Number of protein chains: 2
Amino acid sequence: MEKKKLKLQYIENKNTRRVTCIKRCNGLLNKTRELSILCGVDVCTIIYYPNSNVAVTWPESEQQIKKIIFEFENKPNNSKFDRQFDQKSYLTQCVKKSKDKLDKRREKNRELDMENIVTDLLNGKPIEDVFFGDLNDLLTVINSKMNMIQHRLKLLHENTTNNPL
Amino acid sequence: MEKKKLKLQYIENKNTRRVTCIKRCNGLLNKTRELSILCGVDVCTIIYYPNSNVAVTWPESEQQIKKIIFEFENKPNNSKFDRQFDQKSYLTQCVKKSKDKLDKRREKNRELDMENIVTDLLNGKPIEDVFFGDLNDLLTVINSKMNMIQHRLKLLHENTTNNPL
DNA sequence: CGCGCTATTTATAAAAA
DNA sequence: TTTTTTATAAATAGCGC
């Protein structure tokens, strides 16, 4: 049943689309209900079935839906349009956060690259084939690995000494 | 990381609830977006964060949300309240459907019970310990298993004959 | 059509960092 | 506390009846 990874685009095949629609509508309403119960949040979901005049909703009661809509339309501090901070500092913050994340990713990628190189070496790749620029980082990785190994050996030793079973 | 099966009830622990809320709000908005894109459905989700005046929504644009709400409030054949059939026959139908489902479940459970008994027997439980009332069903299960085995043996034989690799 | 199944993907609870 | 990771539960695509 070779289920392929979801491509997020309009499903052209009519029947497939219908089936998916039914499944996902149920899923969505269920998720809405769960969020409401688990976290005590005011939440509503309204779905219009295509080519029909039928709307399905959660909560199911028309009254409750109207209450939530009413709140939405009348709350002064509505939605995300009204921030506690001005637009510029908000954006600055966002950019900084993204940069930090990117840096972490890069670091992580670099580590993984190094691990791959180590694996290649262990599999017989000659050290001469490693790019010169990688050698420094490689050394760092190897040192850190050595430290880990020594640390674990020490723990193991302590364990064996204290619990000589 | 023993994640237990979700108990659908208000999460008392404040921190747990907050974390769950953030995750599930994101999940819910994402599911809403996916349904909309995959199936081309008009759909919206509105969430009020607890203890705040902030609402998060999908679609994000206030204009689009208002459009969907407007539809909801003005469509004549709104929602499930307007059925094509009268209430009584609808309920009768529902009850019958549920009963059928229950019967199927019972049957399935019975099968699983029998399989457990077979397992116990194979593990050395004496046949005398099996309840008398179960013996008949047990025989049925065993016969069906035997048929399956014979069927597969047959297939295997055909395969070997046709493709004598 | 709608149900049930199952391989996979996705979501997420809880632990670790 | 927030973030990341990990392991498990839940959703669901594709298929057959």
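To find a chain, count down the sequence lines: A is the first, B the second, and so on, and within it residues start at 1. Bear in mind the structure is a predicted one, so any value in this text is a computation, not a measurement.
Atom CG of B/Leu29 is separated from atom C1' of C/dT10 by 16 Å (rounded to the nearest Å). If you take CG of B/Asn26 and P of D/dT2, they are 14 Å apart, rounded to a whole angstrom. Atom CD1 of B/Ile11 is separated from atom P of C/dT12 by 11 Å (rounded to the nearest Å). Rounding to whole angstrom units, CZ of residue B/Arg24 and P of D/dA11 are separated by 8 Å. In this entry the distance linking CG of B/Leu28 with C1' of D/dA10 reads 15 Å, nearest Å. The separation between B/Leu8 atom CG and D/dA9 atom C1' is 14 Å, rounded to whole Å. For the pair B/Leu38 CG and C/dT10 P, the interatomic distance rounds to 11 Å; values are reported in whole Å. We find that CD1 of B/Ile37 is positioned 15 Å from P of D/dT12, with the value rounded to whole Å.
Remark: B/Lys31 is in phosphate contact with D/dT12, judged by side-chain N or O atoms under 4.0 Å from OP1 or OP2.
Looking at every heavy atom in both residues, B/Glu71 comes nearest to B/Asp42 through OE2-OD2, 3.5 Å. Considering every non-hydrogen atom in both B/Phe72 and A/Ile65, the closest pair reads CE2-CG2, 3.4 Å.
Side-chain atoms of B/Glu34 lie closest to C/dA11 of the nucleotides D/dA11, C/dA11, C/dA13.
Between B/Thr20 and A/Asn15, it is A/Asn15 whose nearest contact on DNA chain C lies nearer the 5' terminus. Residue order along DNA chain C, read from the 5' end via each residue's closest nucleotide, puts A/Arg18 first among B/Asn30 and A/Arg18.
You won't find any donor-acceptor pair under 3.5 Å spanning the side chain of A/Lys23 and the base of C/dG2, going by distance alone.
Remark: C/dA16 base-pairs with D/dT3. Criterion, Watson-Crick or G-U wobble with two distances under 3.5 Å.
Contact annotation: the side chain of A/Thr57 never approaches that of A/Ile47 to less than 4.5 Å [non-hydrogen atoms, C-beta and beyond].
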